[in-house]
6 protein chains.
Amino acid sequence: MSARKPAAKKHRLRLGLPKGSLQATTARLFELAGYNLRFPERSYYPEIDDPEVECILIRAQEMARYVEQGVLDAGITGIDWVRENRAKVRELADLAAPWPSYRTVRWLLAVKEGSSFKSVRDLRGKRIATEVVGITKAYLRKHGVKAEVEFSYGATEVKPPILADAIVDVSETGSSIRANRLRVLDIVLESTPRFIANKQSAADPWKQRKLERMLLMLNGAIAAAGRVGLMMNVPKRALPRVLEVLPALGTPTISALADDQWIALNTVVAEKVVRELLPTLVERGARGIVEYPLSKIVG
Amino acid sequence: MSARKPAAKKHRLRLGLPKGSLQATTARLFELAGYNLRFPERSYYPEIDDPEVECILIRAQEMARYVEQGVLDAGITGIDWVRENRAKVRELADLAAPWPSYRTVRWLLAVKEGSSFKSVRDLRGKRIATEVVGITKAYLRKHGVKAEVEFSYGATEVKPPILADAIVDVSETGSSIRANRLRVLDIVLESTPRFIANKQSAADPWKQRKLERMLLMLNGAIAAAGRVGLMMNVPKRALPRVLEVLPALGTPTISALADDQWIALNTVVAEKVVRELLPTLVERGARGIVEYPLSKIVG
Amino acid sequence: MSARKPAAKKHRLRLGLPKGSLQATTARLFELAGYNLRFPERSYYPEIDDPEVECILIRAQEMARYVEQGVLDAGITGIDWVRENRAKVRELADLAAPWPSYRTVRWLLAVKEGSSFKSVRDLRGKRIATEVVGITKAYLRKHGVKAEVEFSYGATEVKPPILADAIVDVSETGSSIRANRLRVLDIVLESTPRFIANKQSAADPWKQRKLERMLLMLNGAIAAAGRVGLMMNVPKRALPRVLEVLPALGTPTISALADDQWIALNTVVAEKVVRELLPTLVERGARGIVEYPLSKIVG
Amino acid sequence: MSARKPAAKKHRLRLGLPKGSLQATTARLFELAGYNLRFPERSYYPEIDDPEVECILIRAQEMARYVEQGVLDAGITGIDWVRENRAKVRELADLAAPWPSYRTVRWLLAVKEGSSFKSVRDLRGKRIATEVVGITKAYLRKHGVKAEVEFSYGATEVKPPILADAIVDVSETGSSIRANRLRVLDIVLESTPRFIANKQSAADPWKQRKLERMLLMLNGAIAAAGRVGLMMNVPKRALPRVLEVLPALGTPTISALADDQWIALNTVVAEKVVRELLPTLVERGARGIVEYPLSKIVG
Amino acid sequence: MSARKPAAKKHRLRLGLPKGSLQATTARLFELAGYNLRFPERSYYPEIDDPEVECILIRAQEMARYVEQGVLDAGITGIDWVRENRAKVRELADLAAPWPSYRTVRWLLAVKEGSSFKSVRDLRGKRIATEVVGITKAYLRKHGVKAEVEFSYGATEVKPPILADAIVDVSETGSSIRANRLRVLDIVLESTPRFIANKQSAADPWKQRKLERMLLMLNGAIAAAGRVGLMMNVPKRALPRVLEVLPALGTPTISALADDQWIALNTVVAEKVVRELLPTLVERGARGIVEYPLSKIVG
Amino acid sequence: MSARKPAAKKHRLRLGLPKGSLQATTARLFELAGYNLRFPERSYYPEIDDPEVECILIRAQEMARYVEQGVLDAGITGIDWVRENRAKVRELADLAAPWPSYRTVRWLLAVKEGSSFKSVRDLRGKRIATEVVGITKAYLRKHGVKAEVEFSYGATEVKPPILADAIVDVSETGSSIRANRLRVLDIVLESTPRFIANKQSAADPWKQRKLERMLLMLNGAIAAAGRVGLMMNVPKRALPRVLEVLPALGTPTISALADDQWIALNTVVAEKVVRELLPTLVERGARGIVEYPLSKIVG
């Protein structure tokens, strides 16, 4: 590590990237934001093409702890693990995005189908297996229920009814709940990925500006996700009726055409409205509608 | 399945997606058209992000049967399997597209290289192996030939000359014909993927409108396939010569520039003409030519 | 091969594509340039959707030899192998591009870490293992050093110090140098992929024009690599300050908007400057900045 | 195929090997029996190291049909497909063996869990999907039930209750029944792999002897499957008590030792009894018990 | 799970098999011992061909806990995890065997190469990351050292020096220690796989006998691992010189031959001595030496 | 490498193992011979469980060169590469064995099917591509033919007729000759794997003995390949007729049984004769015939 020492004299941001389920999408997010990230095999130090940033791969579960301790200036992890660790960190952005494992996940209290438990109150004195012991205990306290919470090393969803009476387990799509014939009693916590910073780092002027510019790029990429560009030609008379149905995401750019009965319109819309929007635009007179992909939206 | 019953009260379209060779491209087509399709492993119920649509994976061979019976409102399958099943369904669109397995396929009557059969008439009394018994019998009837048609469970192309005298087999590229040293006697049927609907469903006002809008999106994505956008700056004087060589796919959008000696031109062309078009455009004075990808073309 | 004979009467370009490390990127380059290349398994004749071109897969090491002999009209290979074969060919373009194995590679003279060799002059009488015997001998001659050069069939980098005293080996990233604890004494040659042609073919009018148009497309795709399009709206007053920070890659296209206080600006920039450019553009008044992907840049 | 013609003059046995689920185990069976089988990729003619035998890969479903027709002299397939095809063939051996897919399989009549059907009699007028239409119709006739039997192209187990009211599907372990929440109403047929021969071939003296010797080797390998050799030293006085517990699979070989108070005993037992036998043999005085693997048992 | 209830009335042994690194070798051990184990995909209930045994896949880390609670009658796990859980269980056998992950593993106290820590005493007040918090705390107590022990979710070996000052991590071959440039301060615990039982289960007569017989088979298979059988013919006069060099693993079996100048000798030796033994046996007169594989050694 | 220096004081054998096509079978041969070889990923120094042997992975093409230079004491490579390098080495054993790539291979002179070349004499002045330039030139000299021999970097078999007029290429099964429609003019060289030694090493007493014992084990494993053990009981009267048909591989071991009308017979035969032998033994009175696998045969 001695080679890194001189670098400490320069301004340097130490950034934690989450290993595991969030890793692939985090890599994609940085790539979309204009960074070049390489994950050398068997190394825990991803290479980034910004000499002022040093990346470290850390389990999402442990990220907040190390950001709080100042080992890392900033990092990406779920709010669930921030809570589980009761970590005192500054939350800079919610990075929820329409990509695998970057959507909202739910920690669910579940029991076996066919069991007699109807609510958390029925679990008094029972055994609950979970990866999030802290969150679960806080939840039980809030409901005034005393139960035995056991740390689960994994495969939590197969434990009821033999190895546990209930579980608190995470689910993005609910498929493992169904596959294991479990019944959900309650939603314990909803979580999304967050960009968190150490409190002192966030107060340092150089690091603050560095973090802001990085977030501008990350947010620009997330803003483009799920959005598309639309170009179309509109008869001048039809313009009001067309503008009326365009979502107010941003002011559309309207420019003149050689044929002065028509104008050109260029705008950005959510990809998910396109399905309803295109037929309507055609009805209202737009022609030559072209949808094209976007990389970033800023400003 | 009881959980689905209440849903029947709402408007709901039950759509069959073809499992097997058409599946991957069908999934891509829906994605390009703006739908989010997920295929949970081991499940036959793909998830789609339209609460009014319920998808079921069905073999292409069986699709038309279930659409005819009304089990499905609509589905995608080849016209070959519609014919083979003699299914009475409404054909709403031909989805032929420049993608794997969405191109035209041919059902060929073939015999072994070196055999003495020259035409279908030589097959009188012979054994013909095929997956499409119905189509083959109809074809033979049309030609007034009586022969024994045997259902083949697969690997039809390796059967001549020992296991069959001739076969009727499908071919997208002809490579299996060559690989097995077969000789083609005739084209029995040309087939492309079709969007088919149950006749009653197609007559139901809500379903009819739902199907129309879905088809507008599917067709918009197919139209964009194999096309690209071109932006360029053109000296005003050069405009006629440039327009002369632009394919007439749609009227190009022409807009003014700050420098009034130049105009900006934006248009859509087939990807395959770009190789010949770009050098010509440069010769005729266009500058700053940029090619960019498209997602959909409508209107 | 008799089936190919009649084709010889038509104009036909015989093009060598490099098998091995350059192959995947070469395939991608042609696809980006608008060609459809298929590599049938176990065949050495890739199929291209241009009936006037016939492709053959050839090892990069042997490419220049066959281009020189006239077996091929043109081909793609590294300048290293042109030199190694002392091939007399016409070099039409340097295809260096920001893609794997299309970047500059270096042939390095290296010895084991900790050995006493300090420069090429210390290698007098020693054994040097290399895949490029010709280049290495020429290099030694230039430095007036006599040494034994042994052809290495591979795994050259593991030979020092037992199997060789020094090596001349190729490196794209330097990782194998580090992994094998070697020390670099000198750079023997820097190499990039080149488009080479047979001298007679390059003088033939039909082939010359064919090669020029093909290169225009290949270069158009390479130019688009690492570049993106930017569209934005700019207040008229802010235009000078915005133009000031835009890189001079090409003149931006400026067009009028309906609201005459604003103008629309469309330009192409290097992807790697976007991270610094976007925040600055926002500061200087640009709004609705949209980044979009490009396929080709020509003219 | 002309190259094969001269071979017809020599004695030659044409043998069908089952493609699909039985293939891997059939290959292993022949290898254990002393044959060397090679399956060239994409070929339907496995190579065997017996010049008097010619192998062809055939779907198990179609095997009996081709053996009956005399296209094949002999073949291996399940008795289920013999019945489904109502094929008139000579059954030479039951090859049931303790290997994957060579165990007994069951064709089951099944309905969805929770449905009201209790027995085959409740299926009057209902739709039954199956790959074995013939077997199913025969079964229904036997029970005096009229129902609609539909040929299923696959994934039969997911069809109830939407796509079929009941199914007749095959099961080796019952796991797909459980996975799809089906309830079994009846066992329609139990099946094992059989060695079948064409009736005329079985009457031909040369082919009869060829088939007998081949079956001797196949049976020798099956006999060794699930059996092991046991060697042990036994005090002479203890011999009766040891012999008493040895299974009567074959007479054990008893030989003298240098120490005439002991004798050596060598025998073959079923692998599955070893678990109970070894502790008992130790109790009764046997020492130095060694279990070793066997390849064949004959005579 | 109600279907399992009646089974509880019969004698039944509930056996935990370790999921994870020990799983593959455990499966092989049971197979060698004469059991047939199947691991249905996605199921946690391996199927075993002994109706009196019910298997459950459990993480090695959790095994001892469930054996102690009586959820399982017995199980296989490392002594490390028994200690970590302070589980009160009966240890019936040490299953150390010359197979992957069944050899002795070591939990090592390690720091980064180049750090100043020389012994555990230097770690006072430092952070130690480990998967075995209990074992580590006990070890520190024994040495009178107070330090902060943090549970590590994995990848412990990459944590020093940034994420931890020292680690206690497991190593079978030491390769991860070297790969991560760690220095070992001490061996905290040596561990091998053990067969453990619940104390009450071990006292139950039926279960006790069941466990004893199962262990006899497991130990018989382990004894045969790394041993081979040797058969040879020896001239009577040479016998003493041959016996002299045979390892004393067991008395060799000596039997008469038809030719009374020779005797036959059959014995078991360690596979690793064969390399030295065979040339010596030939020198001393043995002939026709045949080495053959063994499956079990008992008695 | 300094760590290896002290080892040089001890007796040590430096052994080259062939990287590439021979590697997998060489590894298997050493394992069968009783050695434990490990190939650490990315390392060129396989680990062997004999502290007196040091292994190095070397390309078969370069092996003889380094054995001749004394860098290696011994190594395994084909006699073809010994000849190609004109290496002066001692050949200790021919390791031909019935395993992939250890069988005899042929270097063939071949031309395209349909070409007019009939013998080597027709190749005067033509281009011959080959990986074995030295062998090919020697062969041409012997036949008094002058031709241009070009080194081929690979894929030699696809070069005729465009890239070469003829080739000298290696073939184990002849399948690549057929697949590329080549016609064989002559066999240039037949080659098998050899165990070669440096001349000085072979004269060193310690190394000589070490090599002899290693070869005894390698040859013992090769001898067992393709052979099996047979045990059977024979009525005393039938013994002559049984012995008559037993192949004379070695004297069978005949021992007395308790029942003095029978004797026990134990012998080793080639696996490939078993198919014909077993039925005959049964006919001649043998009973309880058991075939078992062998690991080594020595003496």
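All values below come from the heavy atoms of this structure, side chains included, with hydrogens, waters and symmetry mates left out. The sequence lines fix the lettering, A, B, ..., with proteins before strands; numbering per chain opens at 1.
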pair Val298(D)-Val282(F): side-chain heavy atoms closer than 4.5 Å: yes
Heavy atoms from other residues, nucleotides or ligands near CD of Glu91(D) exceed 12 (cutoff 6.0 Å): yes
Separation between CD1 of Ile263(F) and OG of Ser255(D), rounded to the nearest 0.5 Å: 11.5 Å
Residue selection (most heavy-atom pairs with chain D, distance under 4.5 Å) from Leu230(F), Asp259(F), Asn233(F): Asn233(F)
Heavy-atom closest pair, residues Tyr292(F) and Pro293(D): CB-O, 3.7 Å
Positive for side chain to side chain contact (heavy atoms under 4.5 Å, CB included) with Lys296(D), one of Val290(F), Val228(F), Val274(F), Ile289(F): Val274(F)
Side chain, backbone, both or neither of Asn266(D) within contact of chain F (heavy atoms, under 4.5 Å): side chain
Engaged part of Met231(F) at the chain D interface, taking heavy atoms whose separation is under 4.5 Å: side chain
Note, Arg213(D) side chain near Arg275(F) side chain (heavy atom, < 4.5 Å): no
Greater than 12 external heavy atoms within 6.0 Å of Glu172(F)'s CD: yes
Side chain / backbone / both / neither for Ala256(F) at chain D, heavy atoms under 4.5 Å: backbone
Heavy-atom neighbours of Arg103(F) CZ exceed 12 at 6.0 Å: yes
Other residues, nucleotides, ligands: >12 heavy atoms within 6.0 Å of Glu212(D) CD: yes
Pairwise side-chain contact, Leu257(F) with Thr253(D), heavy-atom cut-off 4.5 Å (strictly under): yes
Residue Arg183(F) excluded, over 12 heavy atoms near CZ under 6.0 Å: yes
Chain F contact via Ala33(D) - side chain, backbone, both or neither, heavy atoms under 4.5 Å: backbone
Separation of Met217(D) CE from Glu276(F) CD (nearest 0.5 Å): 8.5 Å
Rounded distance (nearest 0.5 Å) linking atom CG of Leu278(F) with atom CD1 of Ile297(D): 12.0 Å
